[in-house]
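Inspection log for the structure reproduced underneath, given as structure tokens.
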Amino acid sequence: MKPSEPVLETPGTCFQLVYHYFGRWILSTHTECNGTDNIINLCVHFPTTILKNTRMAVMRDYLITPIMICNSRRKVSRFLFGTCQGRVFLAILAIVGLTYINMLIYMPVFQVFRNRNVHAPCLIPVFDIYDKSISDQFWSQQPLPCEGWLNIFYVTSSGKLTLNNSAVGLSGLHDIQCHYRYIHRKSETEFVFSEKHLYTKPTYLDGDFVHVECFNNQKNRVYNNLHFNIDAKPILKSKKLVNESLDRLSVIAFGLDSVSRLIAERKLPKTMKYLRQNLGAYVFTGHTRLGDSSFPNLNPLLTGLISDNTSPVPPVHKLPFIFKNFSEHGAVNVFVEDWYKVATFKGFTDQPSMHYSQPLVQAMDQVRPSYLALDKSFQFLQSHNIPLRKVSALCFGNEKRYKILMNYYKKFIETYGNTRKFAFSWINELAHDFFNMVELADGDIRDLFKWLKESGKLDNAVLLFFSDHGPRYSEIQNTDIGRVSNLLPLMSIALPKRLTEKYPHIAKNMKINTERLTTNHDVFLMLKDILYANYEKQPVVTPNEDGMIPHEISLFREIPSSRSCAEARISDVFCPCYSSVRVPTSDERIQTAARFVVNKINDILKEVRSKCAKVEYKSIRHASLIFPDMQRDLSQERAFSLRGYFWKVESATRFLISLHTEPGNALFEARIDYRATNDIKILGTILRTNAYGNQSSCIDHGDRIRRLYCYCV
């Protein structure tokens, strides 16, 4: 029964007092904590014998519960709003909540599409890397420094750990005592420290990694850092090594996780410019991923094995890595990767290479503990230029983690000099989660390649700068261009000049192959050709007995333009190739686009107008509508987002046009992004597709672009 208002105006007993407050509490429309302290003070020692009455016990239970709730609520309120820790907790809670809501709404659309035309000759996608549909996915990164203290130790080029007295003085340190201990690999998940050694003088390091600590007179630690060496002595004593030469080329492979060619062109402009202009690198526009994650893409590159779940793959420690074949032919090797808990190749029983970075990476986490979830949160904020910390989330102490590993990689190359080598480096952290952050390493990567060239390290070495796939967890894949470009990872290769001069067919084939469908299976066969110095001209690639073009063809050979995704062992999920449908040449859009192409050619020739005739439109040979013929597969989708529920696939209108011009009956081919008569873009380069003999003899041979278009007068 619902209690009524008590008759007694002034309660005289504890029971009446309790009933008075209890009745008012029940009748009130909301619960307040005022007065409950009086109840507790008056009744906490009330004889329990009186409360034996059942009705009283029930009333007690109903009363104590709200009292406890009210007091708990009061304590929580005081903590949250009345203390610094509480306000920090609320701020973190708000950030986590907003991040979750943001992810729910804006999480990338993990929709699965299958290419319905995998058996047709591949039409390599060409698109505007600055298209407005992806412009909001790119922004400049605000660089953040690392901690400002100095390294008071360094390792000399001869491998000696040395105290830098100048740095000690600049750091304001006096009367310090330092010791070091070696870091040794125990297993894939463990490392061990050696016993401590007191530092007294420059000492050669009989190992690659050491932990150095220094203490002042008050026993306070004033220095805590890791240093590395390349301990070459045991390798030089135990291995039969050979020097580099044209027939014994080295391989320097430097890779970044989750960088499509589009991302590289936009976020690594200094590096890409240096590769093209200074190293003459070949950048492959049709290089295609083979799997979802890093392993099924890197495994074919390093082992040649198919990793598409149709064939069994041996355990990691039994994989036939090609750098081991190089070692059998007198090369030293190094394997560098910046993650070990989720490493690309995880499960080695023995150390896979002569020099191996994993113990160093493991020691970083122990010497300066980091917490993955917290680090990722700070990296997320830094990637969006919200610096909650004064130092970068990419740092280990006073240096960025990726830079430490790059320096270790560089020291390996430097230490072994002219010895043949296979150097493999794989950096995950820079672009795996937040691809805009890779911009922060542009100058460092460019400087590494510049050092390789200027120091002569590339005179007898092949340089690979590559990735495995595009961003997997980014909003860019919510766009038509982003979805296709993510299937096209970065692959660029620089060859020694003396190799291409002696074997010009290699240079010719490599250039052709930059616009053909390629995979890491082809790169693997190229590495085999390098291993065995197989540089002679090979027969033209022809279909096998089953009528299929081989799935692996060395990049030193010309890859047929008729190659399909099915022939290259690229599944329909990862096939980027466009399909085409003929369009009448009388179509008004085609006519408009053709004249746009002619005007563009004349713009290119503007500065040499006195030498070249004005190009005039003559006719259209053929025109096609090109498009990604992909169908959504709902059965394979594994994630949900609100955006994904409403998102629709949109594709721009693109044409492939072949046209004749006068004078000279020139034949050109161009890919067009057509949105309106006043919104037309040429995608890629306007190609000259027929012979032009000496028509452009008045143009210098170094001006390759204008030589394609000029008709000398």
Side-chain angles (χ1 to χ4, degrees), residues 111-129 131 260-262 265 282-292 296-297 300 306 308 467-470 476-477 479-491 512-523 541 543 547-553 555 558-583 622-633 636 649-658 669-673 683-685 687 689:
Q111 294 180 347
V112 177
F113 289 85
R114 296 186 180 278
N115 195 311
R116 294 184 291 192
N117 206 17
V118 295
H119 294 283
C122 184
L123 186 60
I124 304 298
V126 179
F127 37 77
D128 181 7
I129 65 172
D131 190 271
S260 65
R261 184 179 62 84
L262 182 150
E265 300 285 10
Y282 302 92
V283 181
F284 292 80
T285 61
H287 196 73
T288 303
R289 68 194 286 185
L290 291 164
D292 183 52
N297 289 292
I306 296 171
D308 59 2
S467 187
D468 49 358
H469 48 69
I476 195 172
Q477 64 192 56
T479 66
D480 169 47
I481 289 178
R483 180 164 43 83
V484 175
S485 69
N486 283 359
L487 305 176
L488 301 166
L490 168 68
M491 176 56 71
I512 291 172
N513 291 339
T514 60
E515 297 181 359
R516 298 286 166 85
L517 182 65
T518 61
T519 72
N520 280 344
H521 287 296
D522 307 319
V523 180
V541 177
M548 300 280 282
I549 294 171
H551 78 275
E552 51 180 3
I553 305 168
L555 294 177
E558 181 180 343
I559 293 174
S561 60
S562 60
R563 193 186 207 184
S564 68
C565 282
E567 291 171 324
R569 295 297 293 263
I570 302 169
S571 75
D572 53 359
V573 174
F574 303 116
C575 180
C577 303
Y578 280 0
S579 296
S580 64
V581 175
R582 282 296 181 97
V583 178
H622 63 76
S624 301
L625 175 69
I626 55 178
F627 58 94
D629 190 10
M630 297 183 179
Q631 184 177 32
R632 187 175 174 184
D633 186 353
Q636 297 298 312
V649 180
E650 296 181 359
S651 182
T653 301
R654 300 187 180 98
F655 296 112
L656 176 65
I657 300 176
S658 179
E669 184 177 276
R671 297 193 189 196
I672 305 296
D673 186 326
L683 303 174
T685 304
L687 302 176
T689 56

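Please read these numbers as outputs of a predicted model, since none were measured by experiment.
Considering all non-hydrogen atoms of both residues, Tyr578 and Arg654 come closest at OH-NH1, 3.3 Å. Minimum interatomic distance between Cys565 and Pro576 (heavy atoms only, all atoms of both residues): SG-CD, 4.1 Å. Closest approach of Ser564 to Val118, counting heavy atoms only: CB-O, 3.3 Å. In this structure, Val583 and Ser624 approach most closely via the heavy-atom pair CG2-C, 4.0 Å. Scanning all heavy atoms of the two residues, the minimum distance from Val484 to Pro628 falls at CG2-CB, 4.5 Å. Contact between Arg569 and Leu290 at its shortest, heavy atoms only, is O-CD2, 3.7 Å.
A 4.5 Å side-chain heavy-atom check between Phe627 and Val581 finds at least one atom pair inside the cut-off. Side-chain contact check for Leu490 versus His287: every heavy-atom pair is 4.5 Å or farther apart. With contacts defined as side-chain heavy-atom distances shorter than 4.5 Å, the pair Thr518/Met491 does not qualify. In this structure the side chain of Leu656 reaches within 4.5 angstrom of the side chain of Glu669, judged on heavy atoms. Side chains of Phe127 and Leu488 form a contact here, defined as non-hydrogen atoms less than 4.5 Å apart. Looking at heavy atoms from C-beta onward, Ile626 lies in side-chain contact with Ser580 at the 4.5 angstrom threshold. A heavy-atom distance below 4.5 Å is not found between the side chains of Ser485 and Ile129. Side-chain contact between Thr514 and Val283 is absent, with no heavy-atom pair separated by less than 4.5 Å.
Between the Arg483 side chain and the Asn486 main chain, no donor and acceptor come within less than 3.5 Å of each other. Between the Asn115 side chain and the Cys575 main chain, a donor and an acceptor come within less than 3.5 Å of each other.
If you take CD1 on Ile512 and OG on Ser561, they are separated by 10.0 Å, rounding to the nearest 0.5 Å. With values rounded to the nearest 0.5 angstrom, Thr519 atom OG1 is found 11.5 Å from Phe284 atom CZ. To the nearest 0.5 angstrom, Ile553 atom CD1 is 8.5 Å from Asn513 atom CG. Here Leu683 contributes atom CG and Arg671 contributes atom CZ; the two are 8.5 Å apart, rounded to the nearest 0.5 Å. Atom-to-atom distance recorded for His469:NE2 and Asn297:CG is 6.0 Å, nearest 0.5 angstrom. In this structure, the separation between CD1 on Ile570 and CG on Leu517 is 4.0 Å, given to the nearest 0.5 Å.
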Query raised in the report: Given Glu558 and Val541, is the side chain to side chain contact (heavy atoms under 4.5 Å, CB included) satisfied, shown in steps?
Result: CA-CA 7 Å; Glu558 181 180 343; Val541 177; over 6 Å; no
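Salt bridge status for Arg563 with Asp522: present, with a side-chain N to carboxylate O gap under 4.0 Å.
Remark: Cys122 SG to Cys577 SG, distance under 2.5 Å.
Within 6.0 Å of NE2 on His622 lie more than 12 heavy atoms contributed by other residues, nucleotides or ligands.
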